[in-house]
Structure formats: C-alpha cells, structure tokens
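This one's a predicted model, so the numbers in the text were calculated from it and none came from an experiment. Sequence lines set the chain letters: A, B, ... in the order given, protein chains first and strands last, and positions in each chain run from 1.
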Amino acid sequence: MRREGLPELKNAEKGKVVLRFAPNPNGPLTIGHSRGIVINAKFAEEYEGKIILRFDDTDTKVKPPLLEAYKWIEEDYEWITGKKPDVVIRASDRMPIYLKYAEQMISEGFGFVCRCSSEEFKKLRESGEGSPYRERSIQENLDDWNKMISGEMDEGGAVVRVKTSLDIPNPALRDWPALRIQHKVHPCVGDKYKVWPLLDFQSAIEDHKQGVTHIIRGKDLMDSTRKQKLLYEHFGWKYPETLYWGRVKLFGFGSFSTSGMRNSISLDEYSGWDDIRLPTIRSFRRRGFNPNSLNDFWTDLGLTQKDISISMQTIESFNIKKIDSTTPRRSFVRNPVELELNNLENDSMILKIANHPEGSVEGHREWEISNQNRIICIERIDLKPNIRLKDFASIVIKDDKAIIESTKMIDKRPIVHWLTKNNSREAILYAPDKEEIIIYKGLIEKDDILEDTVYQLERVGFVKIEKIPNDGPVEMVWLHN
RNA sequence: GCUCGUGUGGUGUAGUUCGGUCCAUCAUGCCGCCCUUUCGAGGCGGCGACCCGGGUUCAAAUCCCGGCACGAGCACCA
C-alpha cells in the first residue's frame with residue numbers, strides 16, 4: 001500500500017477540525033514557515049476545518065514585534081494558500097485573558113511567583129530541588145503577583161511558574177516558567193502591561209480558548225507539548241492532538257534567522273526583506289516563484305520527524321513543472337557582439353518567432369530583417385565560424401559579417417539565440433549567488449515584454465522582469481534554470 | 001550530564017501500527033538514448049538504500065535486546 005500525501009489526522013471529524021499557524025511577527029515569513037502554512041492548509045482542506053493565524057507577539061525584548069510584519073505575514077499567508085485565514089488574532093490583544101488565567105492559577109495553588117534569579121533556579125533544577133518560593137501561601141503569591149502586574153517589581157525580579165511534580169525525570173518540565181516581567185513598550189499595545197506570558201503558557205491558553213483540535217509543530221517543541229499538558233491537567237482541559245515535523249535545512253542558503261536577517265537589513269547588508277539572496281517568502285514571490293509549487297513541494301516531503309536537508313534544486317524542479325508550459329520565451333543576449341547579416345534572400349522580411357516551442361503560450365513575435373535593418377547580436381561566447389541562428393538561418397561568421405548559408409537546417413551546428421539590433425534594448429539581470437549578487441548585462445527584445453512577468457530567456461533560464469523604464473536598462477531578477 | 005526524538009539509495013519519501021504479496025515505492029539527482037531549431041520541457045532505459053550487532057521466527061525494513069550516529073529541549077526566545 002502506497003500512501004499519497006499527508007497522513008491521517010487522529011480523532012479528526014470532518015468539519016470540526018481547528019488548526020492554527022502561529023508565527024512571531026518579528027519579520028515576514030521565510031520559506032521554512034511556508035511548511036507550516038502548507039501543511040495546515042492541506043489538512044484544513046481535507047477535513048473542511050478552519051485555520052487560525054495567531055501572532056505570538058508576547059516578547060517585547062528578545063524578539064520584538066515589527067509593526068509592519070503583521071500585514072506582511074497575512075499577505076505571505078494569502079499568497080501561499082490563495083485565501084485568507086479563517087481567524088486572525090494577536091496574542092497582545094488578548095492579554096487580559098492570559099493574566100486572568102495566571103491569576104486563577106495562583107489563586108488555586110498550581111502556580112506560584114518565584115523570585116529566584118534564572119541562574120539560581122537553574123542550579124536548583126539541576127540538583128532536583130524546588131524553588132524556596134514554591135511552598136509559600138497563596139496570599140503571599142497573590143501579593144507578589146500584584147506587584148508584578150502593577151509595575152512595582154523590576155524586570156527579572158520574579159516569574160510565575162506552573163507547579164509540577166519535582167519527580168518528573170525530564171528537568172525541562174519541572175516548575176516551568178509561565179509569565180515574566182517585561183517593561184519595554186509593545187508596538188501594538190504600548191506600556192499597558194508589565195507582565196507578559198511566555199510561549200508555552202500563552203499558546204496553551206489560546207489553543208484552548210480557540211478550540212484548537214490539532215497542533216502541528218516542530219519537534220523542538222515536544223517539551224512544550226509536555227509542559228502544556230501538565231497545565232491542561234491543572235485546568236481540567238483536554239489537550240489537542242499533536243503532530244511534529246523535524247528541522248529542514250536548505251542547501252544553498254546559510255542559516256538565516258529572522259532576527260539575524262533583521263539585523264543584516266538594518267546594517268544595509270541586504271536591500272530589504274525581499275532581497276533576492278534571502279530565503280523569505282517575499283523574496284521568492286519577487287523572483288516569480290509560483291506558490292503552488294511550494295504546496296506541491298511541502299506536500300511531497302510530507303510530515304516526518306526526521307531532520308532533513310533539501311536542495312534548492314528540488315524546489316526549483318517543482319516550480320519548473322508548474323510554470324514551464326505557461327511561460328513565454330524571450331531572447332536575452334549577454335555580452336553582445338554585433339554582426340552584419342549578408343546574403344539576404346529578400347530585401348525585407350518578417351520573422352515570426354513563437355512565444356512557446358510547444359505552442360502552449362499563444363502568439364508570436366515579429367522580427368523585421370531588411371537591407372536597412374541587418375545588424376544582429378549574439379553572445380560573445382557563441383562566436384564560432386559556423387552556427388545556426390535559432391528559428392532563422394545557418395550562418396558563417398567572417399570578421400563582423402554573418403553570411404547566410406541557408407534558412408534550412410543543413411547540418412547539426414550549434415543553435416544559438418540572437419536578436420536584431422533594431423529590436424533590442426539594454427537589460428540587466430540580477431542573480432543571487434550565496435552572499436553575492438551577480439550582474440549580467442546584455443540586450444533583450446525591445447517589444448513584447450511586460451513588467452512583473454516571468455519569462456524563460458532562451459538558453460539562460462527563468463527570470464522575472466521587474467522594471468521597464470523609459471530610459472535605461474530593463475531590470476530583471478533571476479528565478480532559476 | 002539529564003530528558004526527548006530520529007535513523008530506508010546523493011537528496012527526500014512510501015512501506016514499520018496488524019512480520020510474508022518488499023530480491024523494497026515514488027520524486028529529485030546523476031548517466032545513456034530518443035524527441036525537440038533553447039544548455040528548457042517531454043519520452044525511454046540505467047545507477048543507487050533498509051545505521052550496526054545479536055535474538056525470536058519457516059519468514060524481519062517491519063517484533064525484542066544491546067550498541068552507534070545525528071538532532072532537539074533543559075531561556076525571565078518563539
């Protein structure tokens with residue numbers, strides 16, 4: 001039995017599945033995030049469920065939210081899935097809820113305020129001891145809690161912990177921290193809150209409030225699941241089904257973290273979040289990737305807990321399959337050499353060049369060749385005595401003359417792409433190469449090109465034309481071979 | 001160190017729940033051929049893997065035991 005696509009969801013009822021995708025809005029989405037979007041969207045489609053886009057923006061210090069990123073992420077999401085999420089929420093909007101549950105936790109004695117420093121607690125945890133603050137009275141805890149939320153207590157002065165058994169073998173789970181003090185201004189809600197929940201707490205509460213039935217997350221969050229289950233037991237809630245995926249590394253891209261990219265961009269090492277060297281969704285979109293190929297790619301990878309390394313070539317091959325038949329061909333001559341056509345059969349003629357060799361893109365371009373218009377350009381690298389100008393004629397090159405031998409295919413000489421000088425204009429192609437951008441200068445067809453359109457430049461590769469200015473060169477960005 | 005997870009061809013992936021139909025699937029990659037007026041696409045063929053060692057069994061990728069390797073968590077990040 002061979003399985004196609006994704007595995008089945010446990011305890012999933014059609015129409016009742018609720019999923020969520022929860023990024024940190026400290027930057028736009030990367031190609032790595034797109035896995036979460038694609039997989040969740042796929043499951044939502046299969047089970048007729050809904051997806052919540054939740055912004056986990058409860059850290060103002062280490063990964064401060066970027067105000068613009070909320071909008072960007074919604075755009076990125078929509079680009080990938082072709083639709084909007086069913087629900088969009090921001091954790092920062094829902095602070096009263098989290099604080100209320102935190103207080104309930106303390107009042108009912110399964111949470112406590114711990115005044116240990118992180119170093120102190122680390123030592124205690126290692127030796128299997130509990131915090132000296134864990135056995136204080138509920139009233140003492142509540143008093144400290146009020147100092148925390150009023151702003152009386154300094155950052156680092158205390159955290160709220162979820163009380164667990166100290167006998168749990170996994171040290172990561174013991175008395176785990178749920179909320180901490182952060183006085184820094186939040187770009188959305190200002191300085192209203194002095195205490196912010198940590199991911200494990202905020203996410204646990206919110207998943208319950210939203211009725212999330214299935215969580216799909218990275219396996220680095222396995223201990224999060226375990227911590228949250230402990231919290232759910234305290235509250236008497238039922239924890240969602242949970243699935244995990246492993247780490248994905250993209251060959252060809254170094255390790256990019258959102259905060260790292262943010263820093264590099266602020267240092268002008270990159271032109272912006274859509275810099276063609278960056279593995280962001282915005283960059284992929286800019287370069288002309290088809291979002292459906294991302295869907296096919298991640299679905300093909302499926303959902304495994306293995307840590308994997310993927311070649312960009314694999315993603316690209318999915319994209320080629322998606323776009324090849326609908327992408328018009330054009331001619332781009334790098335390092336052009338001018339030649340004068342000789343031996344024309346007619347004084348004037350119009351060449352019809354198909355937009356696509358298989359005809360899957362309708363139409364053609366018309367190139368005029370005449371006695372007055374007989375200068376052509378080919379790439380310097382193609383400068384050989386006997387070549388064939390694609391779709392036109394076999395020629396012999398002598399000095400700067402291209403002497404037509406025949407318009408018929410008379411032998412198997414190399415076929416090269418070319419242009420008439422009259423129908424050409426300057427163009428620049430920007431291609432990412434690791435940390436560099438390689439610039440190719442050349443000539444492109446003057447007519448029949450459109451901005452924001454993906455073309456396959458014959459014998460070069462797929463590109464997107466970004467700008468066709470009135471003056472100056474056409475600007476193009478590299479997609480792939 | 002403690003805890004958790006993962007190990008199928010170059011890269012991914014199916015099969016592992018209920019052992020036989022698996023001399024192991026599919027994709028990508030690489031090689032060759034065909035087709036094609038692109039170094040693209042398409043077609044055909046080929047290459048190449050069950051981490052290791054024991055055990056159970058008529059039979060093990062699949063079950064058991066023991067190693068090994070890799071990754072993650074043990075943050076007042078997400």
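Applying side-chain hydrogen bond (donor to acceptor under 3.5 Å, both in side chains) to A:E155 and the options A:K184, A:K61, A:K194 leaves one that passes, A:K61.
Residue A:N24 is in sugar-phosphate contact alone, with no base atom involved, counting any heavy-atom pair closer than 4.0 Å across all strands shown. Looking at heavy-atom distances under 4.0 Å, A:K321 makes contact with sugar-phosphate atoms alone, never a base. A:C114 comes within contact range of no nucleotide atom at all, as no heavy-atom separation falls under 4.0 Å. Among the protein residues, A:T304 comes within range of the sugar-phosphate backbone only, with heavy atoms under 4.0 Å from sugar or phosphate atoms but none that close to a base. A:L198 comes within 4.0 angstrom of the backbone, heavy atoms only, and of no base. Here A:I320 lies in heavy-atom contact (under 4.0 Å) with sugar-phosphate atoms only. The residue A:P357 sits close to a base: some heavy atom pair falls under 4.0 Å. A:I308 comes within 4.0 angstrom of the backbone, heavy atoms only, and of no base. Among the heavy atoms of the strands, none lies under 4.0 Å from A:G246.
Remark: aromatic rings of A:F392 and A:W418 are close, center separation under 6.0 Å.
Taking the side chain as every heavy atom from C-beta outward, A:I404 and A:L341 approach each other to under 4.5 Å. Contact check for A:V248 versus A:I310: side-chain heavy atoms found under the 4.5 Å cut-off.
With the 3.5 Å cutoff on both pairing distances, Watson-Crick and G-U pairs in RNA chain B assemble into runs of at least 3 at B:1-7 with B:68-74, B:10-12 with B:26-28, B:29-34 with B:42-47, B:51-55 with B:63-67.
Side-chain N/O atoms of A:R35 include none lying less than 4.0 angstrom from OP1 or OP2 on B:rG12. Close to B:rU37, at under 4.0 Å from its OP1 or OP2, lies no side-chain N or O of A:K408.
Annotation: of the two residues near RNA chain B, A:S311 and A:D59, the 5′-most nearest-nucleotide partner is A:S311. Nucleotides of RNA chain B nearest to A:A172 and A:D324 differ in position, and the one nearer the 5' end is that of A:D324.
The environment of A:Y232 atom OH is dense: over 12 non-hydrogen atoms of other residues, nucleotides or ligands sit within 6.0 angstrom.
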Give me the distances for all protein-to-nucleotides 2-6 of chain B N/O pairs that come in under 3.5 Å?
residue, atom, partner, partner atom, Å
B:rC2, O2', A:P169, O, 3.3
B:rU3, O2', A:N170, ND2, 2.7
B:rC4, O3', A:R226, NH2, 3.3
B:rC4, O2', A:R226, NH1, 3.2
B:rC4, O2', A:R226, NH2, 2.7
B:rG5, O3', A:Q305, OE1, 3.2
B:rG5, O2', A:Q305, OE1, 3.1

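At a cut-off of 3.5 angstrom, counting only N and O atoms as typed in the model, there is no donor on one side facing an acceptor on the other between the side-chain of A:Q313 and the base of B:rU11.
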